[in-house]
Amino acid sequence: MALHPDIEGFLELAEFGRLSGKSQPMHELSPGEARQQFEQTSQLLDAAPTGALTVTAVNIPARDGHVLNARLYAKPQPGSEPRPVLLYFHGGGYVVGSLDSHDTLCRRLALAGEFAVLSADYRLAPEHRFPTAYNDAEDITRWLAITGAKALGLDARRIALAGDSVGGSLVASLSIAIAQDPLGWPLVPRLQVLLYPVIDAVKKRPSLARFAEGYLLEATTLEWFYQQYQRSEADRADWRFSPLYAERVQGLTPTVLWLAEYDPLLDEGLAWAEKLRAAGQPLVLGVKAGMTHDFARMGEMVQEVPGMLVQLAAQIGESLA
């Protein structure tokens, strides 16, 4: 299918901004400048949907004493029965991204589903390099299962994990860790949702060259992200950085994997799907035609996206029932 016309128009505007000098590629900016630009651009992609939601700020302790921020999105419900929860990790190449940049996406999922959404932050590179983001994600997940769920009125027996881009990578890595040591983890997630995840930061596949420029996420920016996060090149082959390099993937949480047709990460996502299927792991794969990386945050710009998220929320809800 051809590139979605709404996304094509947005990309043309972005290119005009570069040519006119009003914007720069992210990899030509400092991390601080890149974060600011990412937040500004995020406001153009989607607007907060209408609907009754309670949004609560949450503080979560990391293993080193640092306090991580999170937001709980929940629809009003009668009674006090603990509700299921989707734990969400945002994307942004380990360098950009925040609770704010993914606020609207989390709102859409919380409004559409019969579950709460806990959107959790983690520390960013280059100030905090590998494996800090993974360790933070692990600490958040353990906290939710051990003490957080009860404190927030959530059901620790009904937790699903989700993330986009490197947030999806964090979720895939968490699922691997849980499968490798099930007795050492205080939870059994019902589902993992990976939206166009980073799966292999080592091998350069054809889609990386095919969509290297002009399709939102660019190959040069991707490389810049990895260099900001890694301590050395060897980190990229660690399964906590590149889940594809896990030796065993048996016993993983059932997976919903969404990929984008026009994404440099497409082929590594397909390689992950192939590895899961070869290991006999439950998988629902969707390659979204005409879409680029980050399409799930384009609810205002691409008219099909809100409906896609409603369908995704239904899948998540079924797993948490």
Side-chain angles (χ1 to χ4, degrees), residues 1-4 7 86-91 105 108-109 112-113 159-176 178-179 189-208 210-211 215-217 222 239 242-299 302 304-321:
M1 177 179 171
L3 184 64
H4 193 288
I7 298 179
L86 175 71
L87 175 57
Y88 195 93
F89 294 100
H90 66 76
L105 172 56
R108 288 192 181 278
L109 290 172
I159 296 175
L161 308 176
D164 63 287
S165 196
V166 297
S169 180
L170 292 173
V171 168
S173 298
L174 287 169
S175 183
I176 291 166
I178 293 168
R190 298 285 189 91
L191 186 71
Q192 60 172 326
V193 178
L194 313 179
L195 306 179
Y196 33 84
V198 171
I199 293 296
D200 184 0
V202 178
K203 185 176 180 179
K204 299 187 186 308
R205 291 178 168 80
S207 64
L208 189 64
R210 191 162 65 249
F211 306 120
Y215 294 93
L216 198 65
L217 175 62
L222 195 60
W239 57 264
S242 299
L244 193 66
Y245 294 94
E247 292 184 8
R248 295 180 64 255
V249 294
Q250 284 76 19
L252 292 188
T253 301
T255 303
V256 171
L257 174 60
W258 279 13
L259 305 176
E261 183 183 9
Y262 292 88
D263 187 348
L265 302 182
L266 172 63
D267 287 348
E268 63 193 70
L270 292 173
W272 185 237
E274 183 179 347
K275 184 166 184 169
L276 294 183
R277 284 172 171 160
Q281 297 304 291
L283 169 68
V284 177
L285 171 65
V287 179
K288 304 305 180 181
M291 299 294 171
T292 64
H293 193 80
D294 219 11
F295 69 84
R297 294 198 306 131
M298 300 180 183
V302 181
E304 292 88 347
V305 167
M308 294 165 66
L309 294 176
V310 168
Q311 294 175 357
L312 178 61
Q315 285 180 285
I316 297 168
E318 288 174 6
S319 74
L320 295 172

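Not a single ring pair (Phe, Tyr, Trp, His ring centres under 6.0 Å) links Y245 to another residue, sequence neighbours left out. Not counting sequence neighbours, the partners of Y196 by the ring pair (Phe, Tyr, Trp, His ring centres under 6.0 Å) test are H293, F295. By the side chain to side chain donor-acceptor pair (under 3.5 Å) test, E304 is found to be paired with H4, residues two or more places apart in sequence or in another chain being considered. A search for side chain to side chain donor-acceptor pair (under 3.5 Å) contacts involving E268 returns nothing, not counting sequence neighbours.
The shortest side-chain heavy-atom distance between Q192 and L252 falls under the 4.5 Å cut-off. Inter-residue side-chain proximity for L265 and S207 is flagged as unmet; no heavy-atom pair is nearer than 4.5 Å. Under the 4.5 Å side-chain criterion, counting only non-hydrogen atoms from C-beta, P243 is in contact with I176. Within the 4.5 Å cutoff, the side chain of W272 has heavy atoms near those of the V249 side chain. Here the side chains of L266 and R210 are in contact, with some heavy-atom distance below 4.5 Å. V171 places none of its side-chain heavy atoms less than 4.5 Å from the side chain of P197. At least one side-chain heavy atom of T292 sits under 4.5 Å from a side-chain heavy atom of M298. Between T255 and L194, some side-chain heavy-atom pair lies under the 4.5 Å cut-off.
In this structure, E261 contributes its side chain and G290 its backbone to a donor-acceptor pair below 3.5 Å. The closest donor-acceptor contact from the side chain of D164 to the backbone of G91 lies under 3.5 Å. One N or O on the side chain of S173 and one on the backbone of W239 form a donor-acceptor pair closer than 3.5 Å.
Residue K275 places its NZ atom among more than 12 non-hydrogen atoms of other residues, nucleotides or ligands, all under 6.0 Å distant. In this structure, E247 places its CD atom where only 12 or fewer heavy-atom neighbours from other residues, nucleotides or ligands lie under 6.0 Å away.
The CG atom of L86 sits 8.5 Å away from the CG atom of L191 when rounded to the nearest 0.5 Å. One finds the CG atom of L87 at 7.5 Å from the CD1 atom of I159 (value rounded to the nearest 0.5 Å). To the nearest 0.5 Å, atom NZ of residue K203 and atom CG of residue D267 are 9.5 Å apart. For the atom pair CG of L257 and CD1 of I199, the computed distance is 7.0 Å after rounding to the nearest 0.5 Å.
Taking every heavy atom of both residues into account, I178 and P189 meet most closely at CD1-CG, 3.8 Å.
A salt bridge links D200 and R205; the closest N-O separation between the charged side-chain nitrogens and carboxylate oxygens is under 4.0 Å.
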Problem set entry | Test log, rule side-chain contact (heavy atoms from CB on, under 4.5 Å), inputs L259 and L285 | CA-CA 8 Å; L259 305 176; L285 171 65; 3.8 Å; yes
Problem set entry | Full working for side-chain contact (heavy atoms from CB on, under 4.5 Å) between L174 and T253 | CA-CA 10 Å; L174 287 169; T253 301; over 6 Å; no
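Within the structure, side chain to side chain donor-acceptor pair (under 3.5 Å) contacts touching residues 277-289 (residues at least two apart or in different chains) do not occur.
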Could you pull out all donor-acceptor pairs under 3.5 Å where a side-chain atom in residues 309-321 meets a protein atom, sequence neighbours excluded?
| unit_1 | atom_1 | unit_2 | atom_2 | d |
| --- | --- | --- | --- | --- |
| S319 | OG | I316 | O | 2.7 |

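A side-chain contact (heavy atoms from CB on, under 4.5 Å) with Y215 is found for exactly one of I7, L3, D263, namely L3.
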